[in-house]
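So you know, we letter chains A, B, ... as the sequences are listed, proteins then strands, and number each from 1. Side chains are part of it too, since the values below use all heavy atoms of this structure and drop only hydrogens, waters and symmetry mates.
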2 protein chains.
Amino acid sequence: MTTKGYELTEAEWEIIQVVWAHEPCAAPTVQEELEDRRQWTYSTVKTLMDRMVAKGLLTTERIRNLILYRSAVTQKQARKGEVARMLTRAFGGALTPMMQFLLESHTLSDAELAGLESMIRKKRRRERGRGE
Amino acid sequence: MTTKGYELTEAEWEIIQVVWAHEPCAAPTVQEELEDRRQWTYSTVKTLMDRMVAKGLLTTERIRNLILYRSAVTQKQARKGEVARMLTRAFGGALTPMMQFLLESHTLSDAELAGLESMIRKKRRRERGRGE
DNA sequence: TTGCGATCTTTACAGTTGTAGAGTAGTCTC
DNA sequence: GAGACTACTCTACAACTGTAAAGATCGCAA
């Protein structure tokens with residue numbers, strides 16, 4: 001259930017982001033879509049994508065002479081992996097100290113803080129609602 | 001002021017953690033300290049540490065025939081880098097959605113939630129106190 | 001049928017990361 | 001002063017990551 005921890009590299013994040021948005025899509029599409037952010041040639045993108053298939057991050061389906069890619073991990077899974085990595089490395093896996101750190105070291109407007117507060121309160125109400 | 005973004009690798013985190021705790025310390029100390037967690041030989045640890053010096057993550061001072069290492073980045077800086085990396089990769093750099101994700105996807109006890117809530121409230125009071 | 005454009009395949013290469021063996025040098029002890 | 005320790009230096013190597021050129025293919029238009 002713990003949706004095993006996927007760890008994507010920088011380039012992989014860049015690519016899977018586009019795939020999520022255009023799924024199913026071909027390599028040239030991804031390359032064009034990323035053209036502004038990274039100056040990657042078609043070759044580069046294609047190589048990266050094929051490696052991601054090998055790793056189980058994407059899947060392919062060949063239709064005639066075109067290869068369509070789909071994501072094999074959801075955004076949620078990928079995010080979870082990223083957060084977990086950061087948490088274990090930098091905070092010994094403990095969430096609360098991390099939150100504390102964020103609050104201390106990032107400049108949040110009062111509006112943002114208020115948003116968070118209400119988010120938490122809502123969550124607590126919900127939790128309490130279903131016991132526990 | 002934005003304490004430039006340091007990005008440490010897994011192994012580097014492991015090592016700098018020990019250095020922070022024993023600073024200033026010699027390579028063999030670090031190796032011994034990590035013996036249980038990672039089965040790294042002295043060679044491995046030393047190589048890693050020297051690379052960290054080259055990268056500016058640690059500094060050295062030679063005393064007679066012993067080399068003492070010190071951290072060149074604080075825990076706060078390292079944490080900040082790690083959080084920033086995760087934020088940009090997985091959340092387009094936006095903090096609030098990240099917080100939201102954490103609240104949704106991690107199971108926090110009511111006590112933890114309460115802790116967070118009060119942390120935020122305290123922060124808001126403080127901020128309001130000094131205007132802004 | 002012939003060349004052209006779009007796409008895919010193969011191969012490569014440099015830099016980083018994890019891992020460590022082998023050899024060298026200073027120090028302590030008998 | 002010779003061996004045993006301890007710590008250091010040098011070198012290596014495989015996997016992974018970013019990056020891409022060169023060549024092979026296939027369908028279409030002239």
Side-chain angles (χ1 to χ4, degrees), chain A residues 5-19 22 24-70 78 81-82 85-86 88-90, chain B residues 5-19 22 24-70 78 81-82 85 88-89:
Chain A
Y6 295 97
E7 309 220 326
L8 311 210
T9 69
E10 186 61 29
E12 286 167 353
W13 266 102
E14 212 69 79
I15 284 174
I16 207 169
Q17 218 101 238
V18 177
V19 175
H22 297 276
C25 64
T29 311
V30 175
Q31 192 264 319
E32 283 156 29
E33 209 67 24
L34 286 173
E35 210 147 50
D36 301 318
R37 310 171 50 65
R38 336 287 314 233
Q39 278 59 61
W40 283 336
T41 63
Y42 166 78
S43 249
T44 301
V45 173
K46 181 75 161 113
T47 304
L48 252 10
M49 291 180 78
D50 288 340
R51 283 184 190 162
M52 289 171 77
V53 173
K55 286 191 194 176
L57 297 173
L58 300 179
T59 62
T60 51
E61 176 190 4
R62 168 164 227 143
I63 296 186
R64 324 276 292 146
N65 288 303
L66 190 63
I67 295 180
L68 287 185
Y69 293 80
R70 287 190 175 72
E82 198 68 31
R85 189 242 266 335
M86 180 276 288
T88 38
R89 284 192 184 178
Chain B
Y6 296 96
E7 310 220 327
L8 311 210
T9 68
E10 186 61 29
E12 285 167 354
W13 266 103
E14 211 70 78
I15 284 174
I16 208 170
Q17 219 102 235
V18 177
V19 175
H22 297 276
C25 64
T29 311
V30 175
Q31 193 262 318
E32 283 156 29
E33 210 65 25
L34 286 174
E35 212 147 50
D36 301 318
R37 309 170 51 64
R38 336 286 316 231
Q39 278 61 60
W40 284 335
T41 63
Y42 166 78
S43 247
T44 300
V45 173
K46 180 74 161 116
T47 303
L48 251 11
M49 292 180 77
D50 287 339
R51 284 184 190 161
M52 289 171 78
V53 173
K55 286 192 195 176
L57 296 172
L58 300 178
T59 62
T60 51
E61 176 191 4
R62 167 163 228 143
I63 296 186
R64 324 278 289 146
N65 287 303
L66 191 63
I67 294 180
L68 288 184
Y69 293 79
R70 286 190 176 72
E82 199 67 33
R85 189 243 268 331
T88 38
R89 284 191 185 179

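Side chain of B:Asn65, nearest nucleotide from C:dG26, C:dT9, D:dG27: C:dG26.
If you check distances only, the side chain of A:Thr41 never reaches the base of D:dA21 with a donor-acceptor pair under 3.5 Å. Remark: the B:Arg38 side chain and the C:dG18 base include no donor-acceptor N/O pair separated by less than 3.5 Å. Counting atom types as modelled, B:Ser43 pairs a side-chain N or O with a base atom of C:dG21 as donor and acceptor under 3.5 Å.
Between the CG atom of A:Leu48 and the C1' atom of C:dC8 there is a distance of 16 Å, rounded to whole Å. One interatomic measurement links the two molecules: CD of A:Glu10 to P of C:dG15, which rounds to 20 Å at whole-angstrom precision. If you measure from atom CG of B:Asp50 to atom C1' of D:dT11, you get 14 Å, rounded to the nearest angstrom. The NZ-C1' distance, from B:Lys55 to C:dG18, rounds to 11 Å in whole Å. Computed from coordinates, the B:Trp13 CH2 to C:dG18 P distance equals 14 Å when rounded to whole Å. In this structure, the CH2 atom of B:Trp40 is 10 Å from the C1' atom of C:dT17, given to the nearest Å. What separates CD of A:Gln31 from C1' of D:dT19 is a distance of 13 Å, to the nearest Å. Atom-to-atom, OH of A:Tyr42 to P of C:dT11 comes out at 16 Å; the value is rounded to the nearest Å.
Here B:Gln39 lies in heavy-atom contact (under 4.0 Å) with sugar-phosphate atoms only. The residue A:Arg64 sits apart from the nucleic acid: no heavy atom pair falls under 4.0 Å. Here A:Thr9 lies in heavy-atom contact (under 4.0 Å) with sugar-phosphate atoms only. Using a 4.0 Å heavy-atom criterion, one finds that B:Ile67 contacts the sugar-phosphate atoms exclusively.
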- prompt: What do the steps show when you test B:Arg85 against A:Arg85 for side chain to side chain contact (heavy atoms under 4.5 Å, CB included), and what is the final call?
  reply: CA-CA 11 Å; B:Arg85 189 243 268 331; A:Arg85 189 242 266 335; 3.9 Å; yes

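In terms of heavy-atom proximity, B:Val45 sits nearest to B:Gln31 at CG2-CG, 3.7 Å. Annotation for A:Lys55 and A:Glu12: closest pair NZ-OE2, 2.5 Å, computed over non-hydrogen atoms. Pairing each heavy atom of A:Leu58 with each of A:Met49, the nearest pair is CD1-O, 4.0 Å.
Remark on DNA chain D: of its neighbouring residues B:Leu68 and B:Arg51, the 5'-side contact belongs to B:Leu68, judged by nearest-heavy-atom nucleotide. Nearer the 5' end of DNA chain D, as judged by each residue's closest nucleotide, is the contact made by A:Glu7, out of A:Glu7 and A:Thr47.
Between D:dA7 and B:Lys46, no contact under 4.0 Å exists linking OP1 or OP2 to a side-chain N or O. Contact check, A:Arg62 against C:dT9: a side-chain N or O comes under 4.0 Å of OP1 or OP2.
Between the side chains of B:Trp13 and B:Glu82, a donor-acceptor pair is found at a separation under 3.5 Å.
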